[in-house]
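Worksheet: one structure, shown below.
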Amino acid sequence: MSIQVQNIHKAFGDFVALDNLTLDFPGGELVALLGPSGCGKTTLLRVIAGLEQADSGRVLLDGEDASDTHVRERQVGFVFQHYALFRHMTVFDNVAFGLRMKPRKLRPSEADIKRKVHELLDLVQLDWLADRFPAQLSGGQRQRIALARALAVEPRVLLLDEPFGALDAKVRKELRRWLRRLHDELHITSIFVTHDQEEALEVADRVVLMNHGRVEQIGSPGEVYRQPATPFVYGFLGAANRFEGSGSAGGIAVGNARLSSEPAAYDGRVIAFVRPHELDIVPGEHGDGVPARISRLLTLGALTRVELEGRDELAGQQFDVELPAGSELVASLQAGQPVRLKPRSVRVFANQETAGAA
Ligand code: ATP
């Protein structure tokens with residue numbers, strides 16, 4: 001089922017949670033709503049579900065205005081961060097719940113319910129837990145059961161609000177791969193909320209980046225990562241070194257140093273971002289590049305992260321460089337050493353924070 005959100009506005013008192021938002025979710029995709037805490041992700045999910053009334057705008061489900069359609073009739077399945085399983089019911093009864101609650105005319109027979117519940121438990125690979133109670137399950141198992149329960153009523157849309165947020169890192173990683181495979185099998189239009197960029201990039205067909213109740217960018221994981229549309233997106237998707245400088249046909253100047261000699265995309269004040277793995281370190285105090293000094297070296301498995309501080313006019317600014325651990329260069333570096341930084345790839349934005357920006 002496709003979902004269109006048209007000019008949705010939602011305020012809580014003076015606070016604007018959704019700011020005239022327009023979005024198009026084609027049917028069958030797994031979409032991540034990604035953004036910092038408080039940017040309106042959950043509110044958007046609740047408006048789509050019909051749990052929250054927007055102040056203005058409309059939600060279309062398969063092209064039809066859903067404004068007057070009750071939550072129960074929207075055929076939406078939910079999974080929340082905090083497992084909402086009934087504690088006094090077995091796993092089987094939890095999954096059967098939605099089917100047993102159907103109006104008498106639509107309710108399947110107990111034999112059909114039994115077959116369906118076992119099918120769903122098979123799908124989430126937990127049929128062997130059918131007779132347990134939620135307290136006897138791990139967090140990851142509970143979330144898979146919650147998903148089976150949401151799927152029981154054959155929803156046309158699945159809405160997942162930080163479904164793995166309460167789980168530890170390892171289980172989280174396993175479950176997001178599992179969700180991807182499950183979606184490949186079922187192809188139900190699914191929207192999941194996360195503030196974890198790695199999770200969004202790894203799992204989703206499409207990522208919607210939100211900030212302050214607005215959409216900053218929509219794209220495939222590759223697009224939003226490689227071609228971030230705004231400084232916010234760049235900063236949010238992965239650590240980035242940020243340089244403020246001025247752009248011209250001669251390149252980008254940062255203080256007295258030259259960050260890049262390629263003609264800049266903007267004239268005047270710019271913000272330039274460089275990812276930690278795209279910044280080279282050249283030992284030595286003087287010469288080309290941005291002057292910095294190594295603060296410390298951290299070994300992170302296959303990578304060494306070099307933390308640096310700017311020198312001269314860039315004193316007080318922090319930078320990070322990631323290098324393959326065990327390389328000759330890494331072995332030669334030490335804390336306190338003056339170096340220069342040279343980017344291999346720079347992403348430049350006009351500096352809107354300064355008057356007269358291009
Ligand atoms: P998080 O990742 O922290 O869950 P979010 O992006 O999902 O954040 P929302 O839960 O949509 O954000 O909330 C957006 C903003 O609206 C927040 O500042 C929140 O405090 C506010 N808000 C949400 N619901 C209500 C409410 N019922 N009454 C008042 N303010 C609310």
Side-chain angles (χ1 to χ4, degrees), residues 3-25 29-59 61 66-67 70-71 74 76-84 139-140 142-143 146-147 150 157-169 171-173 175-176 179 189-204 206-219 221 224-225 228-239:
I3 305 170
Q4 280 147 312
V5 170
Q6 297 181 336
N7 306 105
I8 289 285
H9 196 84
K10 175 74 190 171
F12 297 104
D14 289 341
F15 184 83
V16 177
L18 298 176
D19 190 359
N20 202 23
L21 205 73
T22 294
L23 270 170
D24 209 338
F25 301 97
E29 284 193 343
L30 178 55
V31 179
L33 283 185
L34 176 66
S37 183
C39 73
K41 305 180 296 290
T42 298
T43 305
L44 176 60
L45 217 59
R46 290 173 59 81
V47 167
I48 291 172
L51 290 168
E52 193 86 63
Q53 193 78 38
D55 302 329
S56 56
R58 4 182 252 170
V59 175
L61 300 178
S67 309
H70 191 268
V71 186
R74 292 194 185 192
V76 163
F78 267 113
V79 180
F80 298 101
Q81 173 174 2
H82 295 289
Y83 343 104
R142 277 181 227 173
Q143 285 309 71
L147 200 61
V157 177
L158 252 187
L159 302 177
L160 306 123
D161 193 356
E162 302 244 9
F164 313 135
L167 306 173
D168 72 51
V171 179
R172 230 183 133 119
K173 231 174 184 154
L175 276 200
R176 67 195 192 212
L179 176 68
T189 308
S190 305
I191 307 177
F192 80 98
V193 161
T194 180
H195 57 253
D196 179 339
Q197 48 108 0
E198 199 183 301
E199 186 161 290
L201 295 179
E202 185 178 323
V203 170
R206 190 183 296 263
V207 180
V208 176
L209 259 300
M210 287 182 64
N211 189 24
H212 294 308
R214 295 184 195 193
V215 172
E216 293 262 341
Q217 188 172 4
I218 306 172
V224 295
Y225 186 77
T230 65
F232 169 82
V233 176
Y234 201 106
F236 199 77
L237 295 180

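Whatever order the structure lists ligands and atoms in, that order sets their numbers, starting from 1. Along the sequence shown, residues carry numbers from 1. Excluded from the calculations below are hydrogen atoms, water molecules and symmetry mates; all remaining heavy atoms, backbone and side chain alike, are included.
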Q: Compare every heavy atom of M210 with every heavy atom of P36, then report the nearest pair and how far apart it is.
A: CD-O, 3.4 Å
Q.
Tell me if a side-chain donor or acceptor on Q143 pairs with a main-chain N or O of P163 at a distance below 3.5 Å.
A. yes
Q: For F232, enumerate each residue passing the ring pair (Phe, Tyr, Trp, His ring centres under 6.0 Å) test, keeping only those at least two apart in sequence or located in another chain.
A: F236
Q.
Can you tell me which residue among V5, V76, I8 is in a side-chain contact (heavy atoms from CB on, under 4.5 Å) with I48?
A. V5
Q | Amino acids in close contact with ligand 1, where any non-hydrogen atom sits under 4.0 angstrom away | A | F12, F15, A17, P36, S37, G38, C39, G40, K41, T42, T43, E162
(Q) For R172, run the salt bridge (charged side-chain N to carboxylate O under 4.0 Å, His left out) check against E198, E202, E199 and tell me which one passes. (A) E199
Q: Give a yes or no on whether the backbone of F192 and the side-chain of K41 come within a donor-acceptor separation of less than 3.5 Å.
A: no
